[in-house]
Each structure stands twice: as C-alpha cells, then as structure tokens.
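Values reported hereafter were calculated over all heavy atoms of this structure, with side chains retained and with hydrogens, waters and symmetry mates removed. A note on names: the letters A, B, ... follow the listed sequences, proteins ahead of strands, and every chain is numbered from 1.
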2 protein chains.
Amino acid sequence: MSKIEPSWDYYRTFLMVLKGGSLSAAARELGLTQPTVGRHVDAMEEILGFPLFTRSPQGLLPTDAARALQPYAETLAATSAALLRAASGQQGTVSGTVRISASEVIGIEVLPPILADLHERYPDLTIELSASDAIEDILRQEADIAVRMAVPGQDALVALHIGPVPLGFHAHRRYLDRCGMPETLADLARHSLIGYDHETAAIRAIIARTPGLPEVRFALKADSNLAQLAAIRAGFGIGICQNALAARDPNILPVLADGFAMKLETWLVMHENLKTAPRCRVVFDALAKGLRTYIRQP
Amino acid sequence: MSKIEPSWDYYRTFLMVLKGGSLSAAARELGLTQPTVGRHVDAMEEILGFPLFTRSPQGLLPTDAARALQPYAETLAATSAALLRAASGQQGTVSGTVRISASEVIGIEVLPPILADLHERYPDLTIELSASDAIEDILRQEADIAVRMAVPGQDALVALHIGPVPLGFHAHRRYLDRCGMPETLADLARHSLIGYDHETAAIRAIIARTPGLPEVRFALKADSNLAQLAAIRAGFGIGICQNALAARDPNILPVLADGFAMKLETWLVMHENLKTAPRCRVVFDALAKGLRTYIRQP
DNA sequence: TCGTTGCTATACTTTTATGTATGAGCAAGA
DNA sequence: TCTTGCTCATACATAAAAGTATAGCAACGA
C-alpha cells in the first residue's frame with residue numbers, strides 16, 4: 001500500500017510521453033534524458049499500481065488507464081502555463097504574456113494590425129496568438145482571452161458582445177467576367193462554388209436559417225475558412241467570406257448581396273480571475289476597440 | 001532571463017506554504033523538512049523573478065503576487081487529487097475513491113445509510129464525503145459527485161433531477177406543550193424562532209417567494225442548518241427543516257403545515273468525464289436511488 | 001543481406017536535492 | 001527577567017535523482 005503521492009513532475013513527464021509517443025521524444029521535449037523519463041514513468045506506475053504503457057522498441061503504447069488519466073494531465077499543464085502567464089504580469093507595469101485564442105480567419109486577417117498597434121504602446125507585453133478553429137477552453141484557462149463566434153456560457157466569464165460580423169458570397173472580378181454574375185440563389189448551382197468539406201454544427205445552423213439555398217455541389221471543398229478565402233481571392237469561384245475582408249480588395253465583389261445575408265455574432269471572452277490583471281485588461285480593451293472598428297467598416 | 005520552467009513540485013510546496021503560513025508548517029504537511037521547503041520557495045522566486053513571501057520569525061507573509069497565484073495552485077492541487085482518484089478506479093473492478101460533496105444536513109442526516117449500503121455491496125470502494133455548505137466545483141473536479149440544491153449549469157456536467165425536498169416549520173412536542181401551537185404566520189412573532197445568522201442568496205430567494213412572512217427576530221441564530229435542526233430537536237423553539245427528517249422523530253411536529261410550504265429542488269451532478277468510470281457510475285446510481293426514496297417518504 | 005536509425009534497458013558516474021544539526025531572532029507567559 | 005516555543009537561516013553529510021555510455025532489439029532502405 002503505497003500512500004505516497006507522486007511527484008507532480010511525474011505528471012508532466014507522463015503527459016509528454018503520451019504526446020510524444022516515446023521516452024526519447026519526451027526527454028528531448030523536456031530537456032531531460034531518456035533514462036530519467038523512463039524512471040519517472042516507472043515510479044508513477046509503481047505508485048499507481050498498474051502499468052501506464054506497454055514498452056516496445058518502437059516506443060511506448062499507452063494503456064487504457066493512461067488514456068483515462070490524460071485529460072487530468074492536460075489540465076495540469078494548462079493550469080501551470082496559466083500560472084506562469086499570471087506570474088509574468090505581476091511586476092506592476094503592463095508586462096508579461098497574454099494568450100489569445102481566435103479563429104484562423106480572425107487571427108490572421110483581422111488581429112495582426114490590432115496587436116501590432118498594441119505592442120507599440122506596450123513593448124513589454126508578449127502576445128501568444130492561437131489562431132485555430134479548435135476552441136481553447138477559457139474556463140480551464142487554456143487561453144486568457146478568446147474571440148468567439150458563439151454566445152458564451154456565463155460561468156465565471158467576462159463576456160463582451162462585439163456585434164455581428166456580416167458575411168456574404170463573394171468572388172474575384174476575374175471569375176465573374178469569365179462566368180457571369182448570378183442573379184438568384186438558384187443560379188449558384190451553375191457556378192464554381194467554394195465550400196466546406198465536413199458539416200460542422202455552425203454550418204448546419206446556417207443551412208437551417210437560410211431557406212431557398214439550392215442543393216449544391218462544391219467545386220472546392222476546404223474546412224479551413226482561410227483556404228476558402230484564399231480560393232476566392234485567387235478567382236477560383238464563388239464562396240462565403242466576411243464582407244469586410246472582401247472589401248479590402250477592390251477586385252473581390254459581393255455576389256447576391258441582397259438575396260443572401262448572414263452574420264456571425266462576435267464575443268470577446270476572458271476569465272473572471274483576469275479582469276483585474278493589467279496585462280489582460282489592456283489586451284481586452286484593445287481587442288474590443290479594434291474588433292468593433294473592424295465590424296463597423298463597410 | 002530564466003526560461004526554465006519551475007518544477008511542478010514547487011507549486012505544491014508553494015501552496016502548502018500559503019495555506020500553512022510558515023515553511024515549517026508546510027514541511028510537516030508535506031513530509032519534507034523546513035530547509036527543503038525554503039529552498040523550493042527560493043527557487044520559485046528566483047525563476048519567477050519576484051518575491052513571493054516576506055520572511056519573518058513568525059512565519060512567511062504572502063505578497064500580493066503570491067496571492068494572485070494562489071487560485072492556480074489550488075486548481076493544480078484539485079486536479080492532481082482528481083487524477084489520483086481516477087487512477088484509483090482503473091483496476092477494472094468497482095474500486096478506488098469517490099469524492100462526494102453535499103450540504104451538511106444531507107451529508108450527515110441522509111447520506112450515511114445510503115453509503116453504508118453501498119459500501120456493503122462494494123467493499124473496495126472508498127468514499128470521501130465532504131459535508132459542507134461551501135460548494136465544491138464539479139467542473140474543476142474538486143469533487144466527483146455533488147448533491148446540489150440548485151439548478152446546475154449545463155457545461156460538461158451530467159445532471160440528474162432528483163425532485164423536490166419538502167421543507168416546513170417544525171418544533172418539538174415539549175416546546176409546543178409549553179408555548180402553544182401557532183395558528184397563523186403572524187403568530188410566529190410571539191414564538192422562539194430558530195433561524196439564520198447571515199442572509200444568503202438562497203434565503204433571500206425564499207423570502208421573496210413567501211408573502212405574508214412576518215418581520216421576525218430570531219431567538220437562536222445559526223448559519224449551520226445542522227445546528228438549527230439540533231435546536232429544533234432539543235425543543236428550543238420553531239425552525240425550518242426538511243419534513244422527512246422531522247418525521248423520523250414522533251416528538252417533532254409540523255407547524256403551520258398548511259400555511260407555509262417550501263421545497264428545495266435537488267439535483268445530482270457529476271462531471272461528464274466520469275460517466276464511464278465504473279466507480280462513479282455505481283455511486284451516482286446508488287445516490288440517485290437513495291435520494292429518491294428519501295424524498296418520497298411522508 | 002547489411003548497415004542505418006530509431007527505440008528501450010542497464011551499469012556506472014556525477015550532480016543535485018534532501019535531511020540533519022545547529023544558531024539566531026522574536027513573542028508569549030511564568 | 002528568564003524560560004519555552006515557535007520561527008527562519010546556514011553549514012555539512014547523506015541519500016536520491018540526474019546524466020553518460022553502452023548494449024540489445026526492431027524496422028527501413030540500399
């Protein structure tokens with residue numbers, strides 16, 4: 001009966017072995033050596049009383065038990081990262097690291113100038129930008145601040161409604177010169193359409209809200225909204241993108257602007273614990289101002 | 001510029017120093033020695049770059065920065081405890097530890113027979129019962145399963161509605177023989193009343209829902225519902241308690257049962273991650289069955 | 001088939017962390 | 001005033017963890 005609690009460092013090592021797939025990979029990642037990592041795993045198995053991995057010359061295969069423990073280890077890693085970010089901003093001045101989570105399109109097309117301006121005003125601020133459509137959990141503080149396109153749950157969160165981001169069909173002038181401008185939704189069926197590869201919950205919601213959308217076959221399927229935007233810009237065909245992004249390029253023209261309109265409600269979300277942290281307040285305010293300016297433009 | 005991440009063990013030590021108030025107390029708690037704990041704190045301060053405590057011969061006083069980091073350390077501690085509980089149930093059979101959070105009254109008056117029966121059926125199961133009116137966060141997995149008297153938020157939780165627990169005024173026969181049985185709500189003003197010390201959100205909600213409640217002065221104030229119950233049983237006066245608890249003692253009689261009725265909606269809550277864990281399923285089902293039986297009795 | 005490259009496991013050495021013992025400072029109580 | 005009990009800090013010895021080097025095994029490609 002081993003009643004000794006394992007070293008918390010074992011959890012970190014355990015997680016890296018899970019993610020790296022081998023003792024050696026985890027050792028490289030952690031700045032340790034392979035025997036040390038192996039010893040950590042051995043010790044953890046000894047204390048828990050069951051094996052975590054099946055060893056092989058190709059690496060370590062996690063057992064079901066190890067997989068069951070992975071989410072806990074992930075939470076530990078996220079929390080200690082959040083602790084370090086919080087510590088980075090404890091110097092009184094606006095300094096330290098703030099991690100922002102946003103969608104690919106927002107993170108790459110919209111945020112950079114806002115962040116550049118912000119960094120000019122606060123040079124001691126380090127920004128971690130996670131531009132990914134995989135949502136990071138604000139409650140678990142995987143990120144400090146998130147730009148969300150859905151109404152956030154109201155648990156221990158500071159949520160600010162930014163407003164609607166208007167979307168619409170767009171195409172490059174070159175494409176429209178070649179293939180003509182559709183007049184009705186039904187016309188779309190005769191065009192090169194750029195769309196999604198897999199139906200997500202967000203997409204199903206859009207389809208449900210939009211009557212008269214014809215049964216279409218996409219000529220280009222991409223789950224990445226960024227790739228869809230790039231395809232529109234390259235003149236591949238007609239696709240949906242944010243109006244404000246399209247308007248930046250005079251050669252990108254709206255298509256069926258009257259017959260089809262959509263908007264994405266945008267929220268800025270922050271963990272309640274952080275609302276007194278100067279580094280987060282500053283970023284939150286800058287994002288709110290920048291995003292509001294962005295959605296107001298034609 | 002120290003880019004080394006601190007040992008996660010430092011966070012555990014840091015938290016114990018915060019809670020214990022001294023290096024020595026933390027050392028005792030952790031099974032380490034005072035110099036070791038001091039070295040951990042020194043190392044952490046060195047890496048973070050700012051002091052966490054001001055030393056004195058009476059102990060260590062946390063700085064504001066240390067206090068800002070405390071919630072993160074608490075989360076780490078709660079998560080690693082949850083990890084260990086999860087690990088304790090990975091042996092295939094129903095075994096390991098399950099932590100239950102419930103109010104004082106439920107935890108002490110209602111749960112024990114349910115848990116005794118459960119433990120008879122599953123002797124390898126260890127139950128941690130946190131009988132406290134301070135709610136433990138299920139999302140953060142401070143507890144595995146909770147009995148809640150409020151509608152739970154719906155984020156990543158398994159919530160089962162148990163039903164209403166009826167409440168009412170009660171008093172001991174001895175008291176009523178001496179002071180008479182009140183006939184109306186207004187009569188209560190002339191009696192020895194047992195009530196709360198501080199207004200909580202739950203109490204304010206009850207007051208708002210109950211018109212005609214006279215302005216009363218309590219003869220005994222106790223925030224602990226358990227203490228109120230004990231006072232009722234001791235014949236101190238008239239107080240509110242769960243009808244089913246009062247009915248256990250033939251000498252405890254309902255007062256104004258017609259004029260005043262209240263119920264507490266009861267829920268059983270579990271983290272979604274745990275719904276496949278056998279040890280938690282078993283406890284969850286047993287609690288659901290036992291609590292439903294409890295609220296159905298006269 | 002043979003060499004290369006990845007992996008783990010083990011023996012050995014060195015470094016690092018921990019424990020032990022002790023001194024000094026402060027506060028409360030006889 | 002002088003204990004007693006608590007604290008933290010320091011010096012030193014020891015135990016524990018890390019790194020180093022190497023051997024063995026499986027897979028891949030020439």
Which part of the nucleic acid, if any, lies within contact of B/Gly38, taking any heavy atom under 4.0 Å across all strands shown: a base, the sugar-phosphate backbone alone, or nothing? nothing

Check the distance between C/dC7's P and A/Leu61's CG and give it to me in whole angstrom. 15 Å

Side chains of A/Ser24 and A/Gln34: is there a donor and an acceptor less than 3.5 Å apart? no

Return no unless some side-chain N or O of A/Ser22 is found under 4.0 Å from OP1 or OP2 of C/dC7. yes

In whole angstroms, how far is the C1' atom of C/dG6 from the CZ atom of A/Arg55? 18 Å

Where the side chain of A/Ser24 is concerned, which of D/dG19, C/dT20, C/dC7 is the nearest nucleotide? C/dC7

At under 4.0 Å, does any side-chain N or O of B/Arg28 touch on OP1 or OP2 of D/dT7? yes

Roughly how many Å is it from CD in B/Glu46 to C1' in C/dT16, rounded to a whole number? 16 Å

Closest-nucleotide 5' rank along DNA chain D - winner of B/Leu23 and B/Arg39: B/Leu23

When you measure from the side-chain N and O atoms of B/Thr36 to the phosphate of C/dA17, is any distance below 4.0 Å, counting only OP1 and OP2? no

Between the side chains of B/Tyr72 and A/Gln141, is a donor N or O closer than 3.5 angstrom to an acceptor N or O? yes

Are A/Glu128 and A/Thr97 linked by a side-chain donor-acceptor pair shorter than 3.5 Å? no

Answer yes if the side chains of A/Asp133 and A/Ser103 hold a donor-acceptor pair under 3.5 Å, and no otherwise. no

Which whole-number value in Å describes the distance from A/Leu60 CG to C/dG6 P? 17 Å

Distance in angstrom units between A/Leu32 CG and C/dT16 C1', rounded: 13 Å

Rounding to a whole Å, what distance do you find between A/Asp42:CG and D/dA18:P? 12 Å

Rounded to the nearest angstrom, tell me the gap between atom CG in B/Leu52 and atom P in D/dC8. 15 Å

Can you tell me if A/Ser56 touches the phosphate of C/dC7, counting only side-chain N or O atoms and a distance under 4.0 Å to OP1 or OP2? no

Would you call the rings of B/Tyr10 and B/His40 parallel, tilted or perpendicular if under 30° counts as parallel and over 60° as perpendicular? tilted

Contact under 4.0 Å: A/His40 side-chain N or O vs D/dA17 OP1/OP2: no

D/dT7 P sits how many Å from B/Glu29 CD, rounded? 13 Å

